[in-house]
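These notes concern the structure reproduced below.
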Amino acid sequence: MTADKPFLLERDEPSDPSLAPAIPETLPEGRAMQTAMRLAAARRRRSALGRFALWAFGSLFAFVLSVAAWDFVTSLLTTNTLLGTIALILVGAAILAALLLALREAAGFARLSRLDHLRARATTTTTLAEARSLKAQITALYKGRADMAWSLSRLAERDADILDHDALLRLTETELMAPLDTAARAEVEAAARQVATVTALVPLALADVAAALFANLRMIRRIAEIYGGRSGTLGSLRLLRRVFGHLIATGAVALTDDLIGSVAGGGVLSKLSRRFGEGMVNGALTARVGIAAMEVCRPLPFDALPRPGVTETVSRALAGFFQREKD
């Protein structure tokens with residue numbers, strides 16, 4: 001019986017350690033999402049002189065445009081009645097469209113303010129009468145929606161048996177918020193997958209930042225619609241800035257090894273390409289933004305129902321990425 005001997009592999013040329021590929025020193029940071037957050041949440045503080053100048057130039061531009069339109073229509077009516085009438089109708093249609101857009105934006109801001117008011121009342125309610133009044137306002141918010149008919153009927157059946165304000169609020173949250181939370185989580189997961197895919201597959205500079213901003217804006221707008229706060233363009237931008245500003249203020253943008261390690265495990269990132277790792281981190285940041293948007297748009301704070309976890313949401317949203325890597 002012979003003893004085991006070491007196996008030696010001789011090479012004709014000596015290996016050069018300097019030719020080995022460099023080991024990455026840092027993990028992906030999700031630069032696209034962090035840049036998008038800072039761009040959307042940036043607040044430019046204007047001085048009093050700057051605000052006055054902006055108002056003056058805006059008023060002058062609107063006045064000059066109005067006078068030019070008036071002179072154009074009146075002169076055209078003088079020279080050609082038919083063309084002048086057409087111009088007058090078109091100007092009237094443009095003014096009507098501007099008024100309708102302004103009314104839509106105002107209604108969007110009012111709906112968002114209503115959600116904020118309901119959420120603030122839920123934290124200060126101390127009596128059963130106040131709880132029933134708050135519950136009536138929340139049910140009125142979803143009255144007429146086909147997807148909420150069954151939940152509203154269940155809440156109405158069990159309402160009479162509740163004699164405590166905390167129990168009534170918890171019942172209202174359980175019956176009404178559960179289906180809405182499910183729909184909102186689906187929107188968050190879809191947006192996280194979209195941002196991760198675009199970041200991983202599109203190598204163009206700033207394209208991932210634009211895609212992240214667009215996907216997050218659409219996600220936040222859809223979440224607001226789900227909870228009854230359908231907003232216009234300006235309202236959606238304001239809501240986007242509010243969510244991003246909250247995340248930056250609380251330090252939630254600094255997403256590195258802790259969250260990704262809990263989602264994928266420490267050894268997975270070492271096997272991924274740089275672009276793929278960036279996509280995964282951007283998707284995780286999008287999921288965190290979505291959960292923050294749920295808290296901002298929800299008419300009731302999370303109490304009876306658990307707050308969605310970032311790790312769980314990211315795991316479901318990016319499950320396809322991990323499966324492909326395993327294959």
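Quick caveat: nothing in here was measured; it's all calculated off a predicted structure.
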Transitive ILVMFWY side-chain link Leu88 to Leu83, under 4.5 Å:
yes

Provide the closest heavy-atom pair for Ile162 versus Leu168 in the form atom of the first, atom of the second, distance.
CG2-N, 3.4 Å

Do Phe214 and Met219 belong to the same hydrophobic cluster, where Ile, Leu, Val, Met, Phe, Trp and Tyr are linked whenever their side-chain heavy atoms lie under 4.5 Å apart, directly or via other members?
no

Just checking, Arg298 and Phe302: is the charged tip under 6.0 Å from the six-membered ring centre and within 45° of the axis?
yes

Output the distance between atom OG (Ser75) and atom CH2 (Trp70), rounded to the nearest 0.5 Å.
11.5 Å

Quick check: closest heavy atoms across Met294 and Val188, and the distance to 0.1 Å?
SD-CG2, 4.4 Å

Examine Val91 and Leu101 and state if one hydrophobic cluster contains both, with Ile, Leu, Val, Met, Phe, Trp and Tyr joined whenever side-chain heavy atoms are less than 4.5 Å apart.
no

Locate the shortest heavy-atom distance separating Ala293 from Ile220; write the atom from each residue and the value.
CB-CG1, 4.0 Å

Leu169 and Lys135, any side-chain heavy atoms less than 4.5 Å apart
no

Distance (rounded to the nearest 0.5 Å) between Leu152 CG and Tyr142 OH:
9.5 Å

To the closest 0.5 Å, what do you measure between CG (Asp166) and OG1 (Thr125)?
9.0 Å

Donor-acceptor contact below 3.5 Å, side chain Asn216 vs main chain Ala212
yes

State plainly whether the residues Arg185 and Glu189 are in salt-bridge range, i.e. N to O under 4.0 Å.
no

Closest heavy-atom pair and its distance - Thr127, Glu130
OG1-CG, 3.1 Å

Considering non-hydrogen atoms only, spot the tightest contact between Val73 and Gly84 and give its length.
CG1-O, 4.2 Å

Close side-chain approach of Phe61 to Ser66, heavy-atom, < 4.5 Å:
no

Are Leu76 and Val67 grouped together when hydrophobic residues (ILVMFWY) are joined by side-chain heavy atoms under 4.5 angstrom apart?
no

Might you work through the side chain to side chain contact (heavy atoms under 4.5 Å, CB included) test for Arg218 and Gln194, ending with a clear yes or no?
CA-CA 11 Å; Arg218 186 174 61 180; Gln194 180 183 0; 2.6 Å; yes

OG-CG distance between Ser133 and Leu128, expressed to the nearest 0.5 angstrom
11.0 Å

Drop me the distance from Ile291's CD1 to Ile223's CD1, to the nearest 0.5 angstrom.
9.0 Å

Going through the distances and angles, do Glu173 and Leu300 end up as a side chain to side chain contact (heavy atoms under 4.5 Å, CB included)?
CA-CA 7 Å; Glu173 180 186 0; Leu300 288 174; 3.9 Å; yes

Begin from the C-alpha positions of Met148 and Leu180 and carry the test side chain to side chain contact (heavy atoms under 4.5 Å, CB included) through to its verdict.
CA-CA 9 Å; Met148 296 296 294; Leu180 301 180; 3.6 Å; yes

Step-by-step side chain to side chain contact (heavy atoms under 4.5 Å, CB included) determination, Asp181 to Tyr227
CA-CA 9 Å; Asp181 290 343; Tyr227 288 114; 2.5 Å; yes

Count I, L, V, M, F, W, Y as connected when their side-chain heavy atoms are under 4.5 Å apart, and connections chain through other members. Are Val296 and Leu217 then in the same cluster?
yes

Which value, rounded to the nearest 0.5 Å, describes the distance between Glu187 atom CD and Glu225 atom CD?
9.0 Å

Is there a donor in the side chain of Gln137 and an acceptor in the side chain of Arg132, or the other way round, less than 3.5 Å apart?
no

Would you check if Pro179 and Asp147 make a side-chain contact, meaning some heavy-atom pair closer than 4.5 Å?
no

Do the non-hydrogen side-chain atoms of Pro301 and Arg119 ever get within less than 4.5 Å of each other?
yes

For the residue pair Leu141 and Leu115, establish whether any side-chain heavy-atom pair is separated by less than 4.5 Å.
yes

Could you pull out the closest heavy-atom pair between Gly283 and Ala192, with the gap in Å?
O-CB, 3.3 Å

Would you say Phe57 and Phe52 make side-chain contact, with heavy atoms under 4.5 Å?
no

Any side-chain heavy-atom pair from Ser151 and Met177 closer than 4.5 angstrom?
no

Give a yes or no on this: more than 12 heavy atoms of other residues, nucleotides or ligands lie within 6.0 Å of atom CZ of Phe109.
yes

Does Arg158 reach the side chain of Glu175, with side-chain heavy atoms less than 4.5 Å apart?
yes

Ser59 side-chain N/O to Ala56 backbone N/O, donor-acceptor pair under 3.5 Å:
no

